[in-house]
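Labels below follow one simple rule: chain letters A, B, ... track the order of the sequence lines, proteins then strands, and each chain is numbered from 1. For clarity, every value in this text was computed on a predicted model and none was experimentally measured.
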Number of protein chains: 2
Amino acid sequence: MQKFRDKGLKLTPQRLAIMEYLDGNRNHPSADDIYSKIRKIYPMMSFATVYNTLETLKKRGDVVEITIDPERRHYDTDTSHHHHLICKKCKKIKDIHRDFSINIPEDQKGAFEVLGNHVEFYGVCPTCNTKGE
Amino acid sequence: MQKFRDKGLKLTPQRLAIMEYLDGNRNHPSADDIYSKIRKIYPMMSFATVYNTLETLKKRGDVVEITIDPERRHYDTDTSHHHHLICKKCKKIKDIHRDFSINIPEDQKGAFEVLGNHVEFYGVCPTCNTKGE
DNA sequence: TCTAATATGATAATCTTTATCTAATTAGAA
DNA sequence: TTCTAATTAGATAAAGATTATCATATTAGA
Ligand SMILES: [Mn+2]
Ligand SMILES: [Mn+2]
Ligand SMILES: [Zn+2]
Ligand SMILES: [Zn+2]
């Protein structure tokens, strides 16, 4: 938490609430997840502030945006290089920590400058599999 | 094209225009790409019909939805298993045909039923790299 | 030709995300 | 502690993408 007290980042109650919520959170929440949860405790929280803060944290590299759910964006506080497993039914996102050594064949890469990769595994989580039938 | 003339799919001029546009298209167009292009020739085309048709084609398995651009959904007529390379600047999407044998380590998979995977490579395409500087 | 089933498209509605702008707050200097 | 410049919050509007409604038009067959 203290790691935010620098680079001219002003600390406000709202930011602190968001950062506290995110700290150690491995659920890849959406903006709405964050807003809904926090407003219960801090009803003065605004949606705009959630987006503003996420934008700020993203720029600082404290949070990374995940494009894996077509419905909405999710945010990850684990900024290390890793991959994800998403449940097609409940959209729960799980981390996959493993360094797959995948590289694009030279003939397909051409002059494209490849900066990174992300593997999305998809399927059905144990919970949904049980409930389903 | 003739492959659509079955399973009770009614052929309308609008659908034919969309299918013709998609046939062999490797650009992973968005709904808007499709709509914008087609309306020049068929001004009677409606956005709703584009979405309706994409939904129909998706259900039939003739088209697959791609979640790689947080701004909008893209559609792929190549339904074989393959991966993508996206330019962070212009959002151009390129196919990567290669079967990476990636599997989730057992200890991380647990009881999760994994149905597939998709690798997203990202970087900067030659065009954007040149223009950029 | 007739008809049942299906599709179109105008329109409204919903949702997510971004933009604007003023009042309030923060951090740091004095 | 007080003051002030810079930043932030949040109400609100706006923008975009996608979905829902539903009356009208069209299609595929009988
Ligand atoms: Mn993660
Ligand atoms: Mn493709
Ligand atoms: Zn699930
Ligand atoms: Zn590019």
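The residue among F47(B) and T53(A) whose nearest nucleotide of DNA chain D is located toward the 5' end is T53(A).
Between R15(B) and dA7(C), a side-chain N or O to OP1/OP2 separation shorter than 4.0 Å is present. Considering only side-chain N and O atoms, Q14(B) lies nowhere under 4.0 angstrom from the phosphate OP1 or OP2 of dA7(C). OP1 or OP2 of dT19(D) sits under 4.0 Å from a side-chain N or O of R73(B).
The closest side-chain donor-acceptor pair between H82(A) and D76(A) falls under 3.5 angstrom. Defined by atom type and a distance below 3.5 Å, a donor-acceptor pair is missing between the side-chain atoms of N117(A) and H83(B). Of the N and O atoms on the side chains of N52(A) and T49(A), not one donor lies less than 3.5 Å from an acceptor on the other residue. Between the side chains of D69(A) and H28(A), no donor-acceptor pair is found at a separation under 3.5 Å.
With distances taken from any side-chain atom of A48(A) to the nucleotides dA11(D), dA9(D), dT18(C), the minimum falls on dA11(D). Of the candidates dT8(C), dA28(D), dA17(D), the closest approach to any side-chain atom of T49(B) belongs to dT8(C). The side chain of Y51(B) has dT18(D) as its nearest neighbour among dA9(D), dT18(D), dT8(D). Closest contact between the side chain of M44(B) and the listed nucleotides dT6(C), dG9(C), dA9(D) involves dG9(C). Nearest nucleotide to the side chain of N52(B), out of dT16(C), dT8(C), dT17(C): dT8(C). Considering only side-chain atoms of R72(A), the nucleotide from dG10(D), dT17(C), dT8(C) that sits closest is dT17(C). If you check dT8(C), dT17(C), dG10(D) against the side chain of A31(A), the one that comes closest is dT17(C).
Counting only distance, with no hydrogens or angles, the side chain of R73(B) and the backbone of E65(B) share no donor-acceptor pair below 3.5 Å.
Regarding Y35(A), its OH atom lies at a distance of 11 Å from the C1' atom of dA11(D), rounded to whole Å. Between the P atom of dT8(C) and the CZ atom of R39(B) lies a distance of 17 Å, rounded to the nearest Å. The separation between K10(A) atom NZ and dA5(D) atom P is 12 Å, rounded to whole Å. Atom-to-atom, CE of M45(A) to P of dT8(D) comes out at 14 Å; the value is rounded to the nearest Å. As rounded to whole Å, 11 Å separates atom P of dT17(C) from atom CG of D33(A). D69(B) places its CG atom 13 Å from the P atom of dT17(C), with the value rounded to the nearest Å. When rounded to the nearest whole Å, the span between CG of L9(B) and P of dT26(D) equals 19 Å. Whole-Å rounding puts the K59(B) NZ to dT6(C) P distance at 13 Å.
Residue contacts for E55(A): at a heavy-atom cut-off of 4.0 Å it reaches no nucleic acid atom on any strand shown. Across all strands shown, P13(B) has heavy atoms under 4.0 Å from sugar-phosphate atoms exclusively, and none from any base. If you check every strand for non-hydrogen atoms under 4.0 Å, T12(B) touches sugar and phosphate atoms only.
The neighbour count for K91(B) NZ, taken as heavy atoms of other residues, nucleotides or ligands under 6.0 Å away, is above 12.
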